[in-house]
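Structure, as structure tokens:
We count ligands from 1, going down the list as the structure has it; atoms in each ligand are counted the same way.
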Amino acid sequence: MEQTLSIIKPDAVERNLIQNIKDIFTKNNLKIKESKKIKISKDEAAEFYKVHQSKPFYNDLCTYLSSGPIVVMILEGENAVLANRKIMGATNPKDAEENTIRKLYGISIDKNSVHGSDSIDNAKKEIDFFFDL
Ligand code: IDP
Ligand code: MG
């Protein structure tokens, strides 16, 4: 069964949306295999997001992900990577489809409530980054 990494970002944790978001995954047949609430350093965020290091928003992105508690989860299900991306919605909440997490809860392109791996390969790397299983 395919697995992917999901992160509930600081803006959603701060607004007490952890359970609402977990319920959306579960309702959409993604099982939450592991879940932990953590806070990461800016250096760890920089390592996690290093694919974006050349982007103009990289520094703000790393500052943001390390600004408060986050919830990191391993989701499991059929086509979990794609399924999660669909449930999350577009990067910019303004462009996200109805009933997606980002449409429901996202505030802006940077405070968009969730992260999800974008490929099976990256899902493996991102799961390894946060979980020592
Ligand atoms: P994704 O989260 O939908 O996979 P990516 O392009 O991988 O989107 O970007 C990673 C994160 O960087 C996004 O979730 C968002 O928080 C932030 N980001 C992406 N593009 C912009 C931008 O143009 N301005 C500010 N932040 C951005
Ligand atoms: Mg991405």
Whether F130 and F48 hold their rings parallel, tilted or perpendicular, with breakpoints at 30° and 60°: tilted

Residue selection (non-hydrogen contact nearest atom 16 (O) of ligand 1) among I7, N122, I109: I109

Exercise: do D43 and S41 side chains pair donor with acceptor under 3.5 Å: no

Structural part of H52 in contact with ligand 1, heavy atom criterion under 4.0 angstrom: side chain

K9, portion touching ligand 1 at heavy-atom distance under 4.0 Å: side chain

Neighbour count >12 (heavy atoms, 6.0 Å) for atom NZ, K111: no

Presence of salt bridge, K31 and E76, under 4.0 angstrom: no

Nitrogen or oxygen atoms of Y49 and ligand 1 under 3.5 Å apart: no

Top protein contact for atom 2 (O) of ligand 1, by heavy-atom distance: R102 NH2, 3.0 Å

Donor-acceptor pair, side chain of Y105 and main chain of R15, under 3.5 angstrom: no

Parallel, tilted or perpendicular, as decided by the 30° and 60° cut-offs, for the rings of F57 and H52: tilted

Close approach, D118 and ligand 1, non-hydrogen under 4.0 angstrom: no

Nearest neighbour in protein (non-hydrogen) for atom 19 (C) of ligand 1: F57 CZ, 3.4 Å

Options T91, L61, N112, N92, ranked by nearest heavy atom to atom 8 (O) of ligand 1, top entry: T91

Shortest protein heavy-atom distance from atom 4 (O) of ligand 1, along with the residue and atom involved: R85 NH1, 2.8 Å

